[in-house]
Amino acid sequence: TIPAPIDGTHLFTVVAVDRVGNPAAATYEWRVDTSAPFFQSFMGPADPTNQTTASFAYTATDPRDGDDVTVTCTLDGVGVACTSTGATITGLAARVSPYSFVATATDAAGNRSSVEHLWHVYEDTEVVAERVVPGVSRLRARLLSASGVGLAGQLVSFSLGTSGSGAVVPCIGG
């Protein structure tokens with residue numbers, strides 16, 4: 001029984017000798033690679049952002065084969081075009097749930113590792129205070145997109161004073 005070889009290149013040689021002493025040899029060489037590639041660096045868009053184009057830059061390396069890796073990418077689980085060093089995705093829409101970009105590096109032996117980046121794309125917004133009456137402890141506000149459309153599902157906080165340094169109170173309700 002031969003023990004399981006460790007990562008690296010291995011050589012198995014068989015030598016046969018006939019009855020008169022003539023040798024013959026056969027060799028078999030193979031390589032064991034169980035080490036997954038890894039991402040030395042990864043950069044993606046800020047979270048949150050109002051940008052509808054996202055750029056990613058990364059460096060994937062295989063500890064056994066140097067830089068010999070293939071990178072594939074997905075956006076929300078669907079394959080997107082990318083290179084071995086980056087990707088640019090355009091036409092993103094503003095939404096409440098985050099986008100998920102996953103880059104997967106695969107080496108020649110089929111080992112793989114992935115890195116995920118989550119970020120939110122929001123519309124430019126404007127808070128409009130309504131019915132502010134002195135002496136009434138209730139403030140109402142609407143959150144609007146830059147085009148004037150009302151937005152739901154967003155977090156709005158109020159602070160006391162014009163400098164914004166007062167107590168922050170989260171918005172309750174729609």
Side-chain angles (χ1 to χ4, degrees), residues 35-174:
S35 301
F38 64 94
F39 286 88
Q40 288 180 309
S41 64
F42 184 92
M43 293 188 330
D47 182 30
T49 184
N50 62 355
Q51 301 298 308
T52 58
T53 296
S55 294
F56 300 88
Y58 42 79
T59 303
T61 301
D62 183 11
R64 293 280 176 222
D65 298 324
D67 294 331
D68 187 23
V69 297
T70 302
V71 178
T72 56
C73 302
T74 62
L75 178 66
D76 294 339
V78 177
V80 294
C82 64
T83 68
S84 61
T85 59
T88 299
I89 300 171
T90 61
L92 298 169
R95 67 183 199 191
V96 175
S97 62
Y99 282 97
S100 169
F101 177 84
V102 176
T104 301
T106 306
D107 68 12
N111 302 307
R112 63 182 55 191
S113 65
S114 298
V115 63
E116 180 180 28
H117 182 75
L118 300 172
W119 82 106
H120 295 83
V121 175
Y122 295 123
E123 284 192 57
D124 286 332
T125 57
E126 174 183 324
V127 176
V128 178
E130 301 174 339
R131 301 182 193 148
V132 178
V133 179
V136 177
S137 61
R138 185 176 181 114
L139 176 65
R140 299 182 72 150
R142 291 184 299 140
L143 184 62
L144 304 175
S145 70
S147 60
V149 176
L151 299 173
Q154 307 295 314
L155 175 65
V156 177
S157 297
F158 296 98
S159 62
L160 182 64
T162 57
S163 69
S165 61
V168 175
V169 181
C171 178
I172 299 172

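Positions are given from 1 along the sequence.
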ask   = Strictly by modelled atom types, are Thr70 and Thr106 linked by a side-chain donor-acceptor pair under 3.5 Å?
value =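 Short answer, no.
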key: Whether Asp76 side chain and Ser100 backbone form a donor-acceptor pair below 3.5 Å   =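 Flag set: sc Asp76 to bb Ser100 pair under 3.5 Å.
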Any idea which heavy atoms bring [X] and [Y] closest together, and the distance?
X      : Y      : result
Val71  : Ala103 : CG1-CB, 4.3 Å
Phe101 : Ala87  : CZ-CB, 4.0 Å
Thr61  : Pro63  : O-CD, 3.9 Å
Cys73  : Tyr58  : SG-OH, 3.5 Å
Asp62  : Ser35  : OD1-O, 3.7 Å

ask   = If we only count heavy atoms from C-beta on, is the Phe56 to Pro45 side-chain gap below 4.5 Å?
value =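 Phe56 reaches Pro45 side chain to side chain.
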message = So Thr59 and Thr85, do their side chains get closer than 4.5 Å, heavy atoms only?
response =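 No. Closest side-chain heavy atoms not under 4.5 Å.
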query = Using 30° and 60° as the class limits, which term best fits the ring planes of Phe42 and His117: parallel, tilted or perpendicular?
reply =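 The arrangement is tilted - the two ring planes meet at 30° to 60°.
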query = Parallel, tilted or perpendicular for Tyr122 and His120, by the 30°/60° rule?
reply =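 Tyr122 and His120: parallel rings.
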request  = Under the side-chain contact (heavy atoms from CB on, under 4.5 Å) rule, what do Trp119 and Leu92 come out as? Steps first, then yes or no, please.
outcome  = CA-CA 11 Å; Trp119 82 106; Leu92 298 169; 3.7 Å; yes
inquiry  = What verdict does the side-chain contact (heavy atoms from CB on, under 4.5 Å) test give for Cys82 and Val80, after you've listed the backbone C-alpha separation in whole Å, the side-chain angles of each residue and the deciding distance to 0.1 Å?
reply    = CA-CA 6 Å; Cys82 64; Val80 294; 5.5 Å; no
